[in-house]
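First the structure, in the form of structure tokens, and then the observations on it.
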Amino acid sequence: GNSVTQMEGPVTLSEEAFLTINCTYTATGYPSLFWYVQYPGEGLQLLLKATKADDKGSNKGFEATYRKETTSFHLEKGSVQVSDSAVYFCALSGGAGSYQLTFGKGTKLSVIP
Amino acid sequence: KAGVTQTPRYLIKTRGQQVTLSCSPISGHRSVSWYQQTPGQGLQFLFEYFSETQRNKGNFPGRFSGRQFSNSRSEMNVSTLELGDSALYLCASSDIDVTSTDTQYFGPGTRLTVL
């Protein structure tokens, strides 16, 4: 079945540091890949997505590239801010006709001034 | 467009009771999915409804059920509550049709506490 593995946190960075959160997946077919973010006490917000190999999703300075050869979708940001502190989830859907999202365990990011 | 709304936002129940949670999807979205989020198990898929039909179901006991109405609003029900059902229940809507995959947009969740 489908599965997502992402680096577990917590991750603590200083403001303006470079961020990478690793995500790898296992899936049949051709899944779509997503990064969602969850702020304290809230639901999930879509951060970015990619639907086919070599696609790059980007939003609010975050980027991730769909790498089929390494089955990865790593999240990066060049300069994090305190407001980026949240939990980040990598997820996949689709592939073999399944529309449900399969999530990684989440990575808690704390950015300190 | 208004986002996904869920009611109530918070619930406290006791073991053995049952509970009904409600979700109103984004206008025009016909697919509604439900997920359970717990610290131990993370985010797990419960079920998905499309045009009033359950299309997918996750690995949860029969105490968890759901339905979708003709206006795409959805409810999920948990009967005979157990302590382990304490969780954040998230609803997501999408304009998924039968041939494509699309983005799911989440509501704020309902925090259920079972005492």
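In what follows, chains are A, B, ... by sequence order, proteins preceding strands, each numbered from 1.
The minimum heavy-atom distance linking A/L101 with B/Y35 is given by the pair N-OH, 2.9 Å. For the residue pair B/N56 and A/Q100, the shortest heavy atom distance occurs at CB-OE1, 4.3 Å. The shortest heavy-atom contact between A/Q38 and B/L88 is NE2-CD2, 3.8 Å.
The environment of A/E15 atom CD is dense: over 12 non-hydrogen atoms of other residues, nucleotides or ligands sit within 6.0 angstrom. With a 6.0 Å radius and a threshold of 12 heavy atoms from other residues, nucleotides or ligands, B/E52 has its CD atom above the threshold. Other residues, nucleotides and ligands place no more than 12 heavy atoms under 6.0 Å from the NZ atom of A/K108. Within a 6.0 Å radius of CZ in B/R15, other residues, nucleotides and ligands contribute 12 heavy atoms or fewer.
Interface remark: of the candidates B/Q44, B/Q37, B/R111, B/Q6, B/Q37 forms the most heavy-atom pairs closer than 4.5 Å to chain A.
If you chain together hydrophobic residues whose side chains sit under 4.5 Å apart, B/F106 and B/F45 fall into the same group.
Heavy-atom distances place the side chain of B/R9, and not its backbone, under 4.5 Å from chain A. Using a 4.5 Å cut-off between heavy atoms, A/L46 contacts chain B through its side chain alone, with no backbone atom that close.
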